[in-house]
Student: 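Next up is a structure, given as structure tokens.
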Amino acid sequence: MDSRCASAGRSGNVAGGARSRRESDRYGKYVSLSVPVHLVNPSMSIHVHPSMARRPLAGTDASRPRPARTATRLPHIISGGVAMRRTRIAEVLSTERIGQTVNVKGWVRFFRQGRFLLLNDGSTIHNVQAVVDQEHFDEARIRKLTTGAAVSVTGEVVASAGTGQVVEIFVSDVTILGEAQPSEVQKTILQPKTHTLETLREQAHLRFRTSTFGAVFRIRHALAFAVHQYFNDRGYFNIHTPIVTAADAEGAGEMFQVTTLPLDRLPRTPDGLIDYGEDFFARKTSLTVSGQLEAELAALALGQVYTFGPTFRAENSNTSRHLAEFWMIEPEVAFNDLQDNMDLGEDFLRYCVRYATVHCADDLNFLHQREVKAEAQLLKDQRNEMPLLERLAFVIDNEFARLTYTEAIDVLRDSRPYKKGRFTYPVEWGTDLQSEHERYLVEKHFKKPVILVDYPAETKAFYMRLNQPDDQGRETVAAMDILFPGVGEIMGGSQREERLDVLRQRCDAFDIPAEEMWWYLDTRRFGTAVHSGFGLGFERLVMFVTGMGNIRDVIPFPRAPKSADF
RNA sequence: UCCUGAGUAGCUCAAUGGCAGAGCAUCCGGCUGUUAACCGGAGGGUUGUAGGUUCGAGUCCUACCUCAGGAGCCA
């Protein structure tokens with residue numbers, strides 16, 4: 001980046017200081033000289049400054065002629081959009097540009113009164129209003145300014161004469177880049193009205209254009225960026241664990257098989273079994289359900305690592321919290337015990353939420369208002385106790401409640417709903433907590449995120465570290481689950497079993513063939529060490545931050561049972 | 001996979017077993033500094049699919065499909 005800035009500076013063909021050179025460099029690749037002249041208003045004169053066609057820069061895409069930055073600096077370039085670089089609408093609205101001529105490209109949201117063109121280019125939740133003076137343009141072109149069309153607009157930024165916006169663009173030229181037939185648009189979610197989330201889901205390829213999904217996916221990006229930022233700043237290394245795996249022992253759920261065998265004529269062994277020796281990898285393989293085991297290997301050498309990749313579960317889960325394909329973040333840290341693991345999980349979650357509130361204020365504000373409007377129509381007991389922005393602030397400002405599974409059982413047995421027989425499922429030590437129990441703890445009792453630790457050994461995975469039996473001889477493992485309001489289990493992790501003999505016993509108890517796990521067990525043979533990690537469902541984090549109630553609305557193209565459209 | 005509910009115009013929803021409707025959107029016309037613009041008019045339907053009951057079914061019954069909410073599995 002720095003070197004590219006320097007070369008832009010050397011070219012010296014752009015007026016202005018260091019800042020404008022950097023901006024020119026950043027946007028230079030979007031510049032196009034070839035505006036289709038037949039789409040330009042014939043009544044407008046087109047002036048091309050000599051600087052438009054000169055001095056290629058050395059190498060790189062910047063070797064195209066460079067445009068003037070603004071009409072203010074080169075006032076003799078007055079119109080036509082020719083060779084003007086595009087300005088993102090976010091930039092037009094957030095910086096002081098009154099008096100400058102800008103070019104924006106985007107999609108029409110509304111065209112009110114044949115005069116007010118509301119454009120959005122995805123750079124921000126906000127639209128820019130472009131005022132089209134009909135007398136200056138032929139009717140044929142005006143008629144193509146319809147909802148959904150892609151257009152390029154050039155004009156002066158002026159203080160708005162209306163009251164709904166601070167600035168607007170007074171259009172000197174408008175070009176239709178891509179038409180949208182109103183009769184066809186009318187059949188899609190692009191028609192400017194409120195649609196249900198179910199309808200939007202049926203047109204997932206178009207829902208990016210809506211305000212809600214624009215906001216959701218900008219926030220999703222910010223959170224993904226925050227994940228890498230957090231770990232990078234703290235000396236973690238990102239590990240790309242395999243997507244195709246032969247490990248069948250992770251115990252994290254049903255797996256999607258990966259094969260190149262002909263399904264209509266499977267090769268058989270003499271015993272009549274499927275002959276996986278003929279398969280692509282010469283063994284049975286599947287899509288990964290977790291990168292944890294591989295991340296452990298890396299952590300026991302690189303110290304602290306994390307994965308952030310796709311994960312696949314072939315469970316027949318039909319809920320608002322499950323996907324067949326989702327993204328998971330799995331840090332793994334050598335020498336961390338369960339306490340360190342909890343501290344990491346809590347600090348990490350707080351960091352991500354805070355990052356979103358700082359970097360996505362406009363989008364979160366929109367989703368907040370959207371939620372407030374939607375909740376106004378719900379019955380009181382169905383509403384969230386806190387609106388979105390308060391929920392986020394609450395997580396940032398308050399420490400999570402921490403307690404053991406055994407203590408949680410006591411809390412539940414002491415609760416009103418338990419004593420009044422309101423729980424559907426029994427509360428007994430040794431069984432997994434049900435959704436209703438977790439929800440009570442998070443939403444009613446503690447009213448904040450809860451970290452539960454030390455679960456009964458038989459309910460958890462083989463790799464979790466076995467604790468000392470308690471005074472009643474009950475066995476637990478050093479597992480931790482972080483529960484969030486509305487989302488449920490957002491994170492699950494543990495201290496790993498580092499003792500070879502205990503791990504072997506656990507493999508036996510879970511019917512896991514130790515010989516297939518030789519590479520995993522090897523780490524316990526050569527310099528084994530205490531280590532811990534967790535898995536965070538990325539979409540569940542996005543759900544919490546955006547307030548979306550269905551996980552299928554926080555991933556662009558959801559995969560779920562009987563559903564892989566788009 | 002289980003439980004509950006839903007499926008009627010492009011969208012959101014009405015319609016006691018008796019003529020299938022409204023608002024918005026679309027199209028045509030008007031108005032023109034609008035803010036989910038407004039005013040007038042028009043077009044738009046195999047009521048999810050397949051059977052059944054009935055003189056008559058959007059409405060009742062059966063099966064299936066899809067979706068939603070909840071449960072299980074989990075992140």
Side-chain angles (χ1 to χ4, degrees), chain A residues 109-118 126-127 129-135 143 146-148 158 160-165 168 170 180-203 206 211 250-254 289-292 310-330 345 373 377 382 424-425 431-439 459-461 481-484 487-493 534-544 549-555 560-563 565:
Chain A
R109 280 288 173 81
F110 305 94
F111 188 35
R112 274 196 287 268
Q113 238 185 28
R115 181 168 168 81
F116 302 101
L117 192 63
L118 269 78
H126 302 295
N127 304 321
Q129 173 161 291
V131 182
V132 183
D133 207 340
Q134 287 203 32
E135 292 161 20
R143 291 179 71 88
T146 54
T147 296
V158 297
S160 177
T163 53
Q165 53 285 315
E168 61 195 18
F170 192 79
Q181 287 299 326
S183 56
E184 295 300 313
V185 166
Q186 193 227 167
K187 295 175 185 167
T188 73
I189 57 166
L190 296 179
Q191 68 166 276
K193 68 191 305 297
T194 306
H195 301 275
T196 61
L197 291 171
E198 291 80 25
T199 304
L200 293 168
R201 223 169 282 150
E202 287 167 10
Q203 296 180 42
L206 296 176
S211 296
E250 284 156 357
E254 290 297 310
V289 292
S290 164
Q292 179 204 313
T311 307
F312 307 88
R313 306 262 169 104
E315 303 288 348
N316 192 6
S317 296
N318 272 297
T319 83
S320 54
R321 301 184 311 283
H322 290 85
L323 290 167
E325 175 184 290
F326 64 100
W327 290 69
M328 190 153 65
I329 297 138
E330 296 178 289
K373 252 184 250 173
Q377 312 199 352
Q382 293 173 322
T424 308
Y425 293 89
T431 60
D432 245 339
L433 296 181
Q434 302 293 319
S435 277
E436 59 177 0
H437 305 145
E438 294 181 348
R439 293 185 72 134
T459 65
K460 290 290 184 178
D481 282 357
I482 299 188
L483 311 175
F484 260 43
V487 181
E489 186 183 336
I490 199 170
M491 186 185 279
F534 58 75
L536 169 75
F538 183 57
E539 281 75 16
R540 292 192 179 171
L541 175 63
V542 182
M543 277 177 86
F544 178 75
N550 191 315
I551 201 165
R552 299 179 192 199
D553 296 332
V554 297
I555 189 168
K562 292 174 184 164
S563 171
D565 294 332

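Residue numbering restarts at 1 for every chain, and letters A, B, ... go by the order of the sequence lines.
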Student: Could you please name the option among B/rC67, B/rA68, B/rG70 that lies closest to any side-chain atom of A/S320?
Tutor: B/rG70

Student: Could you tell me how far apart A/I189 (CD1) and B/rG10 (P) are, to the nearest whole angstrom?
Tutor: 16 Å

Student: Determine the Euclidean distance between corresponding P atoms of B/rA20 and B/rG45; express it in Å to zero decimal places.
Tutor: 14 Å

Student: Sub-3.5 Å donor-acceptor pair from the side chain of A/Q165 to the main-chain atoms of A/Q129, do we have one?
Tutor: no

Student: Distance check, C1' atoms only: B/rC60 and B/rU54, in whole angstrom units.
Tutor: 9 Å

Student: Report the base-pairing partner of B/rU53 (Watson-Crick or G-U wobble, both distances below 3.5 angstrom), or none.
Tutor: none

Student: Taking the side chain as every heavy atom from C-beta outward, state whether A/R540 and A/E489 have any atom pair closer than 4.5 Å.
Tutor: yes

Student: Whole angstrom is fine here: how far is it from CG in A/D553 over to C1' in B/rA68?
Tutor: 12 Å

Student: Provide the distance between the two P atoms, one in B/rU26 and one in B/rU66, to the nearest whole Å.
Tutor: 33 Å

Student: Report yes if at least one side-chain N or O of A/N550 is closer than 4.0 Å to OP1 or OP2 of B/rG69; otherwise report no.
Tutor: yes

Student: When the distance from CD1 of A/I551 to P of B/rC74 is rounded to whole Å, what number comes out?
Tutor: 16 Å

Student: Quick one: is A/Q191 getting a side-chain N or O under 4.0 Å of the B/rC24 phosphate, OP1 or OP2?
Tutor: no

Student: Can you tell me how far apart CD (A/E168) and CG (A/L117) are? Round to the nearest 0.5 Å.
Tutor: 11.5 Å

Student: Measure the CD1-CD distance between A/I189 and A/Q203 for me, rounded to the nearest 0.5 Å.
Tutor: 5.0 Å

Student: If you round to the nearest 0.5 Å, how far is CD of A/E202 from OG1 of A/T196?
Tutor: 7.5 Å

Student: Output the distance between atom CZ (A/R439) and atom CG (A/L483), rounded to the nearest 0.5 Å.
Tutor: 11.5 Å

Student: Sticking with atom P, work out how far B/rA37 lies from B/rA25, rounded to a whole angstrom.
Tutor: 7 Å

Student: Using a cut-off of under 3.5 Å, enumerate the N/O to N/O pairs linking the protein to nucleotides 39-49 of chain B.
Tutor:
none

Student: To the nearest Å, how far apart are A/R313 CZ and B/rC74 P?
Tutor: 9 Å

Student: Is there aromatic stacking of A/F538 on B/rA75 here, judged by a ring-centre distance under 5.5 Å and a plane angle under 30°?
Tutor: no

Student: Look at all strands and tell whether A/S435 reaches a base, only sugar-phosphate, or nothing, counting heavy atoms closer than 4.0 Å.
Tutor: sugar-phosphate

Student: Of the nucleotides B/rA75, B/rC11, B/rA71, which has the atom closest to the A/E489 side chain?
Tutor: B/rA75

Student: Short question: side chain of A/S320, backbone of A/I551 - any donor-acceptor pair under 3.5 Å?
Tutor: no

Student: Does any nucleotide pair with B/rG45 by Watson-Crick or G-U wobble geometry, both distances under 3.5 Å, and what is it?
Tutor: none

Student: Ignoring hydrogens and angles, answer whether the base of B/rC74 and the side-chain atoms of A/H322 contain a donor-acceptor pair closer than 3.5 Å.
Tutor: yes

Student: Could you check how far CG of A/L200 sits from C1' of B/rA68, rounded to whole Å?
Tutor: 14 Å

Student: Only pairs with both distances under 3.5 Å count, Watson-Crick or wobble alike; so what is the partner of B/rU59 in this structure?
Tutor: none

Student: Under 4.0 angstrom, heavy atoms only, what part of the nucleic acid is A/R321 near: base, sugar-phosphate, or nothing?
Tutor: base

Student: Say you pick atom P in B/rG33 and the same atom in B/rC38; how far apart are they, in whole Å?
Tutor: 16 Å

Student: May I have the distance from A/H437 (atom NE2) to B/rA71 (atom P), rounded to whole angstrom?
Tutor: 12 Å

Student: With rounding to the nearest 0.5 angstrom, report the CD1 to CD distance, A/I555 to A/E325.
Tutor: 6.0 Å

Student: What is the base-pairing partner of B/rG29, counting Watson-Crick and G-U wobble geometry with both distances under 3.5 Å?
Tutor: B/rC39

Student: Is it the case that the side chain of A/E330 and the backbone of A/S290 share a donor-acceptor pair, with hydrogens and angles ignored and the cut-off at 3.5 Å?
Tutor: no

Student: Checking base pairs now: Watson-Crick or wobble, both atom distances under 3.5 Å. What partners B/rC73?
Tutor: none

Student: Indicate, yes or no, whether a donor-acceptor pair under 3.5 Å links the base of B/rC74 to the side chain of A/S317.
Tutor: no

Student: Pick base, sugar-phosphate or nothing for A/N318, based on heavy-atom distances below 4.0 Å to the nucleic acid.
Tutor: base

Student: If B/rG5 has a Watson-Crick or G-U wobble mate with both distances under 3.5 Å, name it; if not, just say none.
Tutor: B/rC67

Student: Give a yes or no on whether the backbone of A/L190 and the side-chain of A/T188 come within a donor-acceptor separation of less than 3.5 Å.
Tutor: yes

Student: Could you give the CD-to-P distance, from A/E330 to B/rC74, as a whole number of Å?
Tutor: 15 Å

Student: Select base, sugar-phosphate, or nothing to describe what A/L323 touches, counting heavy atoms under 4.0 Å on all strands.
Tutor: base

Student: Return the 5'-most residue of the pair A/E438, A/S183 with respect to RNA chain B, ranking by each residue's nearest nucleotide.
Tutor: A/S183

Student: Please check the phosphate of B/rC73 (OP1 and OP2 only) for any side-chain N or O of A/T319 closer than 4.0 Å.
Tutor: no

Student: With rounding to the closest Å, how many angstrom separate the P atoms on B/rA22 and B/rC67?
Tutor: 32 Å

Student: How would nucleotides 29-38 of chain B be written as a contact map, 5' to 3', with B for base contact, S for sugar-phosphate-only contact and - for no contact, using protein heavy atoms under 4.0 Å?
Tutor: ---BBBB-B-

Student: If pairing requires Watson-Crick or G-U wobble contacts with both distances under 3.5 Å, which nucleotide is the partner of B/rA22?
Tutor: B/rU12

Student: Any chance you could measure A/E198, atom CD, to A/R552, atom CZ, to the nearest 0.5 Å?
Tutor: 11.0 Å

Student: Could you tell me the separation between the CG atom of A/D565 and the P atom of B/rU66, rounded to a whole number of Å?
Tutor: 11 Å

Student: What are the two closest non-hydrogen atoms of A/A180 and A/G148, and how far apart are they?
Tutor: CB-C, 3.6 Å

Student: Of the non-hydrogen atoms in A/E539 and A/W327, which two are nearest, and what is the gap between them?
Tutor: OE1-N, 3.0 Å

Student: Could you work out the separation of B/rG21 and B/rA14 based on their C1' atoms and round it to a whole Å?
Tutor: 7 Å

Student: Let me know, please, whether A/E198 or A/K187 comes out on the 5' side of the other along RNA chain B by nearest nucleotide.
Tutor: A/K187

Student: Rounded to whole angstrom, note down the P distance from B/rG7 over to B/rA42.
Tutor: 30 Å

